[in-house]
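What follows is a single structure, written as structure tokens, with notes after it.
Per chain, numbering begins at 1; letters A, B, ... match sequence-line order. This one's a predicted model, so the numbers in the text were calculated from it and none came from an experiment.
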Amino acid sequence: MDCVIIRLDSSCPFNLDFTLCCGQVFRWDKRGTWWYGIVGEDVFKIRQTDNELEFENNDVDFVRHYFGLSEDLPKIFSTIRKDKHIKHAIEKFAGLRILHQNPWECLISYICATYKNIPAVKQMLLKLSRKFGRKITFDKRYFYAFPASQSLAKASVKELAECGLGYRAKYVSGTAKRIYDDDFSFEDLRKASHEKARRELVNLPGVGLKVADCVSLFSLEKLEAFPIDIWIKRVVLKYYANNFPTESVKKMSSKKSPSKAEYERLSLFGRKYFGEYAGYAQEYLYHSERAETSNPKMQKTFKLNPKNSI
DNA sequence: CAAGTGCCTTTATC
DNA sequence: AGATAAAGGCACT
């Protein structure tokens, strides 16, 4: 197996652990110093020393693109660095990058992620892949590729539910059928505007604004997308409350999930305030807030869960 | 350790 | 339009 090395420097900050632990992706697993990931139809492994990225079983172009290494992170930082809160998050998690995920997998992942915690999402996707994905052997271990849209489209709702999807099974089934039957083009959405992409995505069953924004940001290269989950809602209402009417802040703080209209107000604030790279601001704030609010929990998210072996 | 709470929400209904 | 409830079941406290 040939091993490839990418050199990193201060013009290209990158932190592999932050990037893979921050909850944007669910199919990576750390063994010793190596991260093993199932990406597309293949498995590859990668590790980082201070200024080198070393990987096996993939090529440089793919790795650079997948990890977003071509993005000018220093420029992104200077664009979003608007106040002390985001500055703090950037200092703490510098090198966290937004991945360029496969849109199909990303879409199903975030449909599954609704109202679930990250370890549970990992379990669901692992079970789905074991049941419907191709078995891959790598480094004497077994892995399972993410199922093709055809496989999930042909699966029964009952079979999907058995993977722990619960009521999400019917959404995954419905969306898989639409993607497979209608010859849905993610490539068109990648080229389209963020507005257009989210308009199309929310037509799919199980996809609301939050899921559409996550898919746009993590797989369709819409770096201005600003997904509003429970954590980001808290952040915005805590640090940026003066951008909203007092009544509105009170109301939104009192309940856990925002209405559609409230979601749009919060998300639009993020896009306008942080600009074209608002999605990066969102990830840094999300990560920083989680790390701060729940230290013990965060240790767990950051550490590897042995049960989560892929 | 058991029971309660919360979960990177969406949809259906009123 | 806006509020409210229901929806698996797992993970964590």
Side-chain angles (χ1 to χ4, degrees), chain A residues 20-26 89 96 98-99 101 106-128 157-175 178 198 201-219 225-237 247-248 250-267 270 278-308:
Chain A
L20 293 179
C21 282
C22 69
Q24 61 177 315
V25 68
F26 306 99
L96 189 166
I98 290 174
L99 299 172
Q101 297 187 45
C106 188
L107 174 61
I108 297 302
S109 300
Y110 279 91
I111 289 175
C112 291
T114 60
Y115 208 55
K116 273 285 183 191
N117 53 35
I118 291 167
V121 178
K122 286 186 167 181
Q123 279 304 312
M124 284 191 267
L125 298 178
L126 176 57
K127 285 180 181 169
L128 268 184
V157 172
K158 183 170 174 290
E159 285 176 299
L160 295 171
E162 282 165 7
C163 296
L165 302 201
Y167 64 87
R168 298 166 196 78
K170 60 180 181 290
Y171 302 140
V172 167
S173 173
T175 288
R178 289 271 302 278
R198 77 202 300 249
L201 289 168
V202 293
N203 287 327
L204 297 165
V207 180
L209 292 170
K210 159 66 170 60
V211 173
D213 279 338
C214 284
V215 174
S216 297
L217 177 60
F218 299 136
S219 72
F226 196 83
I228 305 295
D229 57 76
I230 188 88
W231 296 92
I232 287 298
K233 194 200 81 168
R234 278 179 211 146
V235 167
V236 173
L237 295 180
E247 275 312 301
S248 178
K250 229 180 231 172
K251 190 183 277 180
M252 287 192 276
S253 304
S254 69
K255 50 184 189 177
K256 57 178 192 292
S257 63
S259 70
K260 214 169 176 179
E262 288 165 339
Y263 182 100
E264 288 292 38
R265 272 178 239 138
L266 292 164
S267 185
Y280 259 95
Q282 194 270 7
E283 276 306 286
Y284 276 78
L285 290 170
Y286 173 79
H287 210 40
S288 184
E289 182 68 8
R290 283 176 60 103
E292 224 118 278
T293 312
S294 49
N295 260 339
K297 211 160 145 196
M298 209 54 209
Q299 299 311 320
K300 204 130 201 206
T301 307
F302 267 107
K303 265 194 212 153
L304 270 304
N305 188 346
K307 283 186 298 182
N308 276 353

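- A:Gly206 comes within 4.0 angstrom of the backbone, heavy atoms only, and of no base.
- Between A:Leu209 atom CG and B:dT9 atom C1' the separation is 11 Å, expressed in whole Å.
- Between the OH atom of A:Tyr167 and the C1' atom of B:dT11 there is a distance of 10 Å, rounded to whole Å.
- The minimum heavy-atom distance between A:Lys256 and A:Lys233, with the atom names listed, is O-NZ, 3.3 Å.
- Contact annotation for A:Ser257: base contact, defined as any heavy-atom pair under 4.0 Å involving a base atom.
- With both pairing distances under 3.5 Å, C:dG8 is matched to nothing as a Watson-Crick or G-U wobble pair.
- Between A:Phe226 and A:Tyr280, the gap from one ring centroid to the other reaches at least 6.0 Å.
- To the nearest 0.5 Å, the span separating NZ on A:Lys127 from CD on A:Glu162 amounts to 10.5 Å.
- Taking atom P in both B:dT11 and C:dC10, one finds a spacing of 23 Å when rounded to whole Å.
- Look at A:Arg234 and you'll find a side-chain N or O under 4.0 angstrom from OP1 or OP2 of B:dC7.
- Checking B:dT9, C:dA3, B:dC8 against the side-chain heavy atoms of A:Lys255 singles out C:dA3 as nearest.
- A distance of 11.0 Å separates CD1 of A:Ile230 from CD of A:Glu289, quoted to the nearest 0.5 Å.
- Of the candidates B:dT9, B:dC8, C:dA3, the closest approach to any side-chain atom of A:Asp229 belongs to B:dC8.
- At a threshold of 4.0 angstrom between heavy atoms, the contacts of A:Lys127 with the nucleic acid are absent.
- Counting non-hydrogen atoms under 4.0 angstrom, A:Leu217 reaches nothing in the nucleic acid.
- In this structure, C:dG9 is classed as anti because its glycosidic torsion departs from zero by more than 90°.
- Look at CD on A:Glu264: it is 16 Å from P on B:dT9, rounded to the nearest Å.
- Residue A:Ile111 contributes atom CD1, which lies 17 Å from atom P of B:dC8 at whole-angstrom precision.
- Using a 4.0 Å cut-off between a side-chain N of Lys or Arg and a carboxylate O of Asp or Glu, A:Arg198 and A:Asp213 qualify as a salt bridge.
- Closest to the side chain of A:Tyr110, from the set B:dT9, B:dC8, C:dA11, is B:dC8.
- Taking only side-chain atoms of A:Ala120, from C-beta outward, the nucleotide of B:dT9, C:dC10, B:dC8 with the closest atom is C:dC10.
- Across all strands, A:Pro205 comes closer than 4.0 Å only to sugar-phosphate atoms, never to a base (heavy-atom distances).
- Pairing for B:dC8 is absent, with no Watson-Crick or G-U wobble pair whose two atom distances lie under 3.5 Å.
- Between A:Tyr171 and A:Glu283, it is A:Glu283 whose nearest contact on DNA chain B lies nearer the 5' terminus.
- Between the OG atom of A:Ser109 and the CG atom of A:Leu128 there is a distance of 9.0 Å, given to the nearest 0.5 Å.
- If you check every strand for non-hydrogen atoms under 4.0 Å, A:Val211 touches sugar and phosphate atoms only.
- The interatomic distance linking A:Tyr115 (OH) with C:dG9 (C1') rounds to 11 Å, in whole Å.
- Look at CD1 on A:Ile108: it is 16 Å from C1' on B:dT9, rounded to the nearest Å.
- Only the P atoms considered, B:dC8 is 22 Å distant from C:dA6, to the nearest whole Å.
- Remark: C1' of B:dT10 and NZ of A:Lys210 are 12 Å apart, rounded to the nearest angstrom.
- Side-chain nitrogen and oxygen atoms of A:Lys116 include none within less than 4.0 Å of the OP1 or OP2 phosphate oxygen of B:dG6.
- As a whole-Å value, the separation of A:Met252 CE from C:dG2 C1' is 14 Å.
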